[in-house]
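Computed from a prediction, not measured in an experiment: that's the story for all the values here.
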Amino acid sequence: MKRCVREGNYEKLGVRQLAGSVIFTFCREKEDQCAVVLVPRGSGEKVRIEVPEDFCIGSLCSIEVCGLDVKNYVYYFEINGEKVMDPYARRITGREVWNDSARKKDGYEVYAGFADEAFDWKRDRAPELMGSGMFIYKLHVRGFTMETGVRNPGTFRALMNKIGYLGRLGVTTVELMPVYEFEEMQITEPAHIPEYVTWKAKSQDIIRPAVAVAEKRQLNYWGYGHGNYFAVKASYAADPERASAEYKTLIRRLHELGMECVMEMYFPEDSNHNMILDALRYWVREYHVDGFHLLGGSIPLTAIVQDNLLSRTKIFCEWFSPDMKDVRRCKNLFLYKDEYLYPARKILNHINGNMKEFVDQQRKQGQHLGYVNYLAGNNGFTLADLFMYNDKHNEANGEENRDGPDWNFSNNCGCEGPTRLRYINALRRLKWRSGVMMLFLAQGVPLLWAGDEFRNSQQGNNNAYCQDNPVGWVNWKNESLHRKELHFLQKLVEFRRMHPVIASEEPFRFSDHRLLGSPDLSFHGENAWIAEPDAGRLCIGMLYSGAYSPDAAKSEDVYVAYNFLAAESNLSLPKPEPGKDWYLVMDSAADTPYYEEQLLQEGNVVRLSPQSVRVYVCRPARRTEKRHKRKK
């Protein structure tokens, strides 16, 4: 077909493929000299197509090229003689191999490509889960799958092989660190040495000539920085030519199992707001993404919240202004920041812990906003390292241990790093169990960092942004070594699901505002009903009234007892209703913390082990069950 050129239609930025033609639309000023440059994928000469000055409206130009076989070309824009990548490119060529050193060889370049986005979604539908039913699991596609022992490690296909594992764990929402195209390979060029310092040294010289700094390769392993926000990362696909289809298959499979996919997206300060909105709409429309965790200093949140296409898409961010209240039926905004992490860590590790702050975090819920709670994430210690290291150990990052958070509120329990001392390992296990119980018994949405369920360690590195190696990967050998922890976490997730009153969508009022017989949430101390959270008192009971459960079939009262003291403490259980008794369900101080056969509690006084968490439920009495006698 003979190639011809005519004015485009300006409807969409980037490339739009039609039957027999392709429309290129990009930003430029009318006075600029612009061209679309087509680069043959095999041998041949580049084709430079001038964009006439008239093909411009405002700061957009659009040109339609007929008779172009897109399979044979990649492209870029040329503006005033400079090569410009299409920020709306739906495919990037040249990064098909992860961290490929060949990319820096002479003549090797990265171009925009033409994407084949045809895909059979079948009858795919988004799960649209309520916040009260969510359990978020955050992972790095490459780091999560490199040591799984399956084929195609580091790819979407390898991740698909672990979806069943995540489902058994109880995960409802998978958060992916950046999976759009980004340049992972960062290279510092050799430093230029001026002539006046390049003398030849003599043996008696005290001052020596400067030595040129050698090329240093550093890795942007996590993917934060400028990205190509409309293209799937080709090196995360087993077949880079089908990266789009592989990612869509992953999302479709998650949806088939009732699970959601949330994309983490980082936009630098200078990002165009219109581009950000276009990118979010694109991933929702073309990839059926369920939500976005937005990072960066310049995000058009007001426009995002008001966007009709995104009204049921979950938006996670560090801040929302008061005037952004969601007036829609769908509660889709979630505050995602370190608000839970610090009070929980401080009280768990005895570092200026404040019980009032902690309790506020345990019952935190907004009328229009949800909250995400986590104890560990990619930015900081893993949950295991939180109890193994007092100090960060980031020397391998090459920044003299100056990077990463300095304030971790961690506690090594008596020994820095791994140890064979049994009492230290026992204390670390106790703290891990207490920590996950706190997290999953809090009202907000729990988030777990990949590998924390079986106590994965990063060897004390709290900023593994460049560690594409076992330090930054999930060590799946730990899975078989920590079966007890995995089983306990599964039971804990199931308990949360079976007792929805804990994760109520409504803020607790601490009163019987519906006249159901008891307050929705109440506090208890050595005497029932009369305790109030006090900053210095590190032992308290929290009673959730089952009458306020959104599901009448799951309306048991739940009593959670927290003792963060290094000594035993007493709490009192309220008197149960006639025909009911209190039963012990979980105890973080027990070797098997979840009781398959729940223990009947005798009397109303419970004696808690040091630094432990317990859970009781009130249910119809069954006198044949085992009794749990209080310690004298």
Side-chain angles (χ1 to χ4, degrees), residues 1-96 107-119 180-181 226-232 234 240-245 271-279 281-283 285-287:
M1 182 183 293
K2 187 177 179 180
R3 189 175 298 131
C4 64
V5 171
R6 57 177 176 249
E7 188 173 8
N9 62 11
Y10 306 95
E11 289 182 4
K12 291 183 179 180
L13 283 161
V15 166
R16 185 180 179 191
Q17 300 181 46
L18 305 175
S21 67
V22 180
I23 299 175
F24 298 88
T25 305
F26 56 99
C27 297
R28 71 113 193 229
E29 295 301 328
K30 190 174 185 178
E31 295 77 14
D32 294 332
Q33 297 295 316
C34 300
V36 175
V37 181
L38 302 173
V39 182
R41 300 199 71 175
S43 59
E45 296 291 326
K46 292 182 180 179
V47 178
R48 189 175 183 278
I49 303 173
E50 292 277 356
V51 181
E53 181 181 314
D54 293 343
F55 293 3
C56 182
I57 298 178
S59 296
L60 288 181
C61 70
S62 186
I63 183 171
E64 184 173 359
V65 180
C66 306
L68 177 61
D69 187 356
V70 297
K71 294 180 181 178
N72 297 327
Y73 293 97
V74 292
Y75 72 97
Y76 63 88
F77 302 137
E78 184 181 284
I79 301 179
N80 297 327
E82 293 187 7
K83 175 184 174 182
V84 177
M85 286 287 290
D86 181 3
Y88 280 72
R90 300 188 179 188
R91 181 179 177 186
I92 300 297
T93 65
R95 297 192 194 128
E96 289 81 0
Y108 195 91
E109 296 189 66
V110 175
Y111 298 106
F114 299 94
D116 178 9
E117 295 183 330
F119 185 76
Y180 48 82
E181 272 291 357
H226 284 278
N228 302 99
Y229 298 106
F230 295 80
V232 177
E241 294 291 319
R242 292 183 49 78
S244 175
S271 299
N272 183 286
H273 285 190
N274 293 318
M275 183 273 292
I276 293 175
L277 274 167
D278 288 343
R281 295 187 192 112
Y282 170 74
W283 291 107
R285 185 179 63 248
E286 298 294 335
Y287 286 81

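Under a 4.0 Å N-O distance rule, the pair R28/E78 does not qualify as a salt bridge.
Listed by first and then second residue, the side-chain hydrogen bond (donor to acceptor under 3.5 Å, both in side chains) pairs involving residues 79-89 are D32-N80, Y75-D86, K83-E109, Y88-D278 (not counting sequence neighbours).
Residues satisfying the side chain to side chain contact (heavy atoms under 4.5 Å, CB included) test with L60, not counting sequence neighbours, are Y10, L13, C27. Scanning for side-chain hydrogen bond (donor to acceptor under 3.5 Å, both in side chains) contacts around N9 gives an empty result, with sequence neighbours left out.
Within a 6.0 Å sphere centred on CD of E50, heavy atoms belonging to other residues, nucleotides or ligands number more than 12.
The aromatic rings of Y76 and Y111 lie parallel to each other, with less than 30° between the two planes, well short of the 60° mark.
Between the side chains of S21 and E64, at least one donor-acceptor pair of N or O atoms lies under 3.5 Å.
Heavy-atom minimum distance, A231 versus I92: CB-CG1, 4.0 Å. Scanning both residues, V70 and Q17, for their nearest heavy atoms gives CG2-OE1, 3.6 Å. Here the closest non-hydrogen pair linking V110 and M85 is O-SD, 3.5 Å.
Summarising the geometry, atom OG belonging to S62 is positioned 9.0 Å from atom CD belonging to E11; distances are rounded to the nearest 0.5 Å.
Using a 4.5 Å cut-off on side-chain heavy atoms (C-beta onward), F24 and I49 make no contact. Counting heavy atoms from C-beta outward, R91 and S244 have side chains that stay 4.5 Å or more apart.
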